[in-house]
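The analysis underlying the following values was restricted to heavy atoms, covering all of them including side chains, and did not include hydrogens, waters or symmetry mates. Since the model is a prediction, treat every value here as computed from it, not as a measurement.
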Amino acid sequence: MQTSHEFPARLVQAIRQVCGTDPVPLHAPTFAGQEWAYVKDCLDSTFVSSVGAYVDRFEDELAGFTGARHAVAVVNGTAALHVALLLAGVQRDDEVLLPALTFVATANAVHYCGATPHFVDSQRETLGMDPSALRDWLKHSSEQRDGVCINKQTGRPIRALLPMHTFGHPCDMAGLMEVAGEFRLTLVEDAAESLGSSYQGQQTGTLGKIGILSFNGNKTITTGGGGALLTNDTALARRAKHLTTTAKQAHRWEFEHDEIGFNYRLPNINAALGCAQLEQLPGFLASKRRLHDKYRDVLAGIPEVSLVSEPVGCHSNYWLQALMLGDQIASQRDEVLAATNSAGLMTRPVWNLMHRQRPYQNCPRAPLPVAEYLAQRLVNIPSSAGLA
Ligand SMILES: *Cc1c(COP(=O)(O)O)cnc(C)c1O
């Protein structure tokens, strides 16, 4: 029996069996397709900004891939979230339910609407919002007034439910859709991390009223910076496009804006990159799944950790591979991070929980025992598609 202080060294050895001995980042993009050709074509056309053929093509191909009726491309995932929440009817002094275990952009977008984030707990199996804990919490802390869900403590309307598919693993969407219906909440999906993941055969980002994607440099496909809204609602898609292009009315020369919009449209040059990346997405997804299988094999010999796998009934894009530290070594998370990073293997803990971040520490929240459990134990390991 090996003693526990040998454990981080055995873990480093196992990860090196997959990644090799050179330094390796957490997630690097792969540019192995038509990137140079499309970007050059875009420059040659002189249409590099908010008008151009690649933006329209990228939107069509995103809709085609995800099965959403419409995709609207924007400058980043955070901007997509901001507009998605506005279109979901989120107003100043509303509250929006979201997991405490998420990237800060999810909470920031709520704040940009003048609304308050209201944090809820996650599930061990999915790493996403827990519908049954959520139902219990809302039963006890909210009431319905004129068809609106009201937080009894603050008196504010709880307008929307904003689950996030952690590391690409789909949430329990059937459960969450049921709770949304029961408490009359609009469901918006933060699918920033889960392009290519599906829940019972349907792509994430297309299950709620609106979903959003991110194409930041560290995501499954990248446009440098970029994002998109997905929806099956044609009127909402039209509103999304209008709001993200300064709310300018179409006219041959007049500058007439019918509301206060945003300059959130994805530039054509970024969309050119996106078109090239999207062509490689099926290959990236297959590589990421292969990488997961390789890690599973080498980690089978390390009982102190388990590898996070896709939930039952789901297909994950395996954007980021994650270790779950066992109870016996949960207190050694920082030793694991130090040993792996010192060995040139970039690893990261999951995000600090939102209610512990200074701007959000006074926001309403449900009990968060599972989020606390996961925050202590989740460690991301190198996940680039190129590693497989
Ligand atoms: C990446 C990410 C975003 C934001 O995307 P950006 O394109 O970086 O603005 C939002 N939510 C989650 C959960 C993310 O991981």
Checklist entry - Where does the angle between the aromatic ring planes of His292 and Tyr318 fall among parallel (under 30°), tilted (30 to 60°) and perpendicular (over 60°)? => result parallel
Checklist entry - Do the rings of Trp253 and His251 sit parallel, tilted or perpendicular, given the 30° and 60° boundaries? => result perpendicular
Checklist entry - Is the closest side-chain donor-acceptor distance between Asp190 and Thr106 under 3.5 Å? => result yes
Next on the checklist: For the OH atom of Tyr54 and the CG atom of Leu273, what is their distance to the nearest 0.5 Å?
Outcome noted: 11.0 Å
Checklist entry - How about Tyr295 and Arg290: does a side-chain donor come under 3.5 Å of a side-chain acceptor? => result no
Checklist outcome for this item: For Ala228 and Ala80, the nearest pair of non-hydrogen atoms, with its separation, is O-CB, 3.7 Å
Checklist entry - Nearest heavy-atom pair of Leu345 and Val12: which atoms, and what distance? => result CD1-O, 3.9 Å
Checklist entry - His27 and Ser383: side-chain donor and acceptor closer than 3.5 Å? => result no
Item to check | Ring geometry between Tyr360 and His111 (parallel below 30°, tilted from 30 to 60°, perpendicular above 60°) | outcome: perpendicular
Checklist outcome for this item: Given the options Thr30, Thr220, Ile221, Gln277 meets side-chain contact (heavy atoms from CB on, under 4.5 Å) only with Ile221
Checklist entry - Nearest heavy-atom pair of Pro163 and Val188: which atoms, and what distance? => result CD-O, 3.1 Å
Checklist entry - Between Met164 and Cys171, what is the shortest heavy-atom contact and its length? => result O-SG, 3.2 Å
Checklist entry - Does any donor atom in the side chain of Gln203 or Thr206 lie under 3.5 Å from an acceptor atom in the other side chain? => result no
Item to check | Distance-only donor-acceptor check, side chains Thr347 and Asn380, under 3.5 Å | outcome: no
Checklist entry - Is it the case that Arg156 and His118 place a side-chain donor and acceptor less than 3.5 Å from each other? => result no
Next on the checklist: If we count only N and O atoms by modelled type, under 3.5 Å, do the side chains of Glu35 and Gln280 hold a donor and an acceptor together?
Outcome noted: yes
Item to check | Side chains of Glu189 and His165, donor plus acceptor under 3.5 Å | outcome: yes
